[in-house]
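Quick notes on the structure that follows.
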Amino acid sequence: MTPGKRKVAVVGVSLSDCGRLDRATPYALHAQAARRALADSGLGKDVVDGFASAGLGALAPIDVAEYLGLRPTWVDSTSVGGSTWEVMAAHAADAIAAGHANAVLLVYGSTARADIRAGRRTGALSFGTRGPAQFEAPYGHTLVAKYAMAARRHMHQYGTTLEQLADIAVQTRANAAHNPDALYRTPITVDDVLGGKMIADPFTKLHCCIRSDGGCAVLLAAEEYAADAARPPVWVLGTGTAVSHTAMSEWEDFTVSPAAVSGRLAFDRAGVTPQEIDVAELYDAFTYMTLVTLEDLGFCAKGEGGAFAAKGRLTIGGDLPVNTDGGGLSACHPGMRGLFLLVEAVRQLRGEAGPGRQVRTRDGSLPRLAVASGTGGWFCSSGTVVLGRL
């Protein structure tokens, strides 16, 4: 943090009910998560003077703020896909540090799964045909197809194998087995992943995130408010954001995501290196996303993600525990999942992840540093947040 500016901490986190919620509404999930996060913080609603949400209401976040009974003087409705929440967290931390807000509540809720089952919407196979998308849409260039193309390029260029990608799904499911809130907890094998239904070559079903309902909330506050919080503060040490492309023709290298920029900025601003990180929460709409984000954040060299992730390294007891709640591949994925990454990172640093899931360092102590890195669109945007216990 820049000298002379206030330090910023995460003082409250919570999930709403998650999984299969056929009778819930997105507004109700927002409210449930917000109430729980405030209760977790031990602070009253009156301290919240900043609010951020996206994806719900005609005038997001005004609609949701009204529903929650808030009248914020600082708002953010940035919407850049799955990385929205890390980008919002960066904005909120800057605002709090500068004195423009004291406590900012980030909230998300979605009934994406229930809406499809009830026929209120269809599967989001395309983002539409306006703007640059008009040149790709006629060829069936869906979101999953774009990720699949990028994965195939990485395989061609660096020799990454289907088995290596599948092993990421296997390890993520192993982490989910320790999370009672995860939607899928039954162990899977590499053969299970490889033998599944083909979605978009090379991705079979288990290479892809699940679809669930759910929400969560995160409360950030200035250091003077953190002193009164019910839980130990988790400090925002550094953040970074970046965008890359919309049209695939404008993406210079399919094997490099914008996390290469947002991660470097976040680590530099935090004054730490990737090798010091104890736990990583990475957006994982597809297995390839995990692999390339590991490379771009600097945990391994470009092209070495497949080998780096092998031999259980990403499991809770591994060298670099990744997506310790089971991630979007197994735990939950109600749409823009980036806020869930921050919740899990904070719980790990506070030692609240629970039996079997709590990460410990080699000397048995709680993790000291965590990184949450969200990705939006088809590697179009990235936000990275480094968190730590001081």
>> Between D191 and T189, does the side-chain hydrogen bond (donor to acceptor under 3.5 Å, both in side chains) criterion hold? Intermediate values first, please.
In response: CA-CA 5 Å; D191 286 342; T189 66; 5.1 Å; no

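- For W251 and F379, the distance between ring centers is under 6.0 angstrom.
- Here the straight-line distance linking atom OG of S212 with atom CG of L21 works out to 8.0 Å at 0.5 Å rounding.
- Note that R337 lies outside the cation-pi zone of Y283, set by a 6.0 Å cut-off to the ring centre and a 45° limit from the axis.
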> So V80 and E86, side-chain contact (heavy atoms from CB on, under 4.5 Å) or not? Walk me through it.
Replying inline: CA-CA 10 Å; V80 286; E86 283 70 31; over 6 Å; no

> Would S83 and S381 count as a side-chain hydrogen bond (donor to acceptor under 3.5 Å, both in side chains) if you check the C-alpha gap in whole Å, the side-chain angles of each, and the deciding distance to 0.1 Å?
Replying inline: CA-CA 7 Å; S83 64; S381 65; 2.7 Å; yes

> Are R113 and D22 close enough, and set up right, to give a salt bridge (charged side-chain N to carboxylate O under 4.0 Å, His left out), and what steps lead you there?
Replying inline: CA-CA 8 Å; R113 172 199 158 275; D22 291 332; 2.9 Å; yes

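- Side chains of S257 and D296: a donor on one and an acceptor on the other come within 3.5 Å.
- Under the 4.0 Å criterion applied to side-chain N and carboxylate O atoms, R231 and D40 are assigned as salt-bridge partners.
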>> What verdict does the side-chain contact (heavy atoms from CB on, under 4.5 Å) test give for Y288 and F203, after you've listed the backbone C-alpha separation in whole Å, the side-chain angles of each residue and the deciding distance to 0.1 Å?
In response: CA-CA 9 Å; Y288 175 61; F203 297 147; 3.9 Å; yes

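- Here H100 contributes atom NE2 and H91 contributes atom NE2; the two are 14.0 Å apart, rounded to the nearest 0.5 Å.
- Evaluated for a side chain to side chain donor-acceptor pair (under 3.5 Å) with T324, the options Q358, Q348, R357 yield exactly one hit, Q348.
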>> Between Q171 and D167, is the side-chain hydrogen bond (donor to acceptor under 3.5 Å, both in side chains) condition met? List the steps.
In response: CA-CA 6 Å; Q171 294 182 64; D167 193 38; 3.0 Å; yes

>> Please evaluate residues C216 and L15 with respect to the criterion side-chain contact (heavy atoms from CB on, under 4.5 Å), reporting the C-alpha separation (whole Å), side-chain torsions for both, the decisive distance (0.1 Å), and the verdict.
In response: CA-CA 4 Å; C216 58; L15 303 183; 3.6 Å; yes

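- If you take CG on L106 and CG on L342, they are separated by 7.5 Å, rounding to the nearest 0.5 Å.
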> Going through the distances and angles, do H141 and M149 end up as a side-chain contact (heavy atoms from CB on, under 4.5 Å)?
Replying inline: CA-CA 10 Å; H141 225 184; M149 284 179 60; 3.0 Å; yes

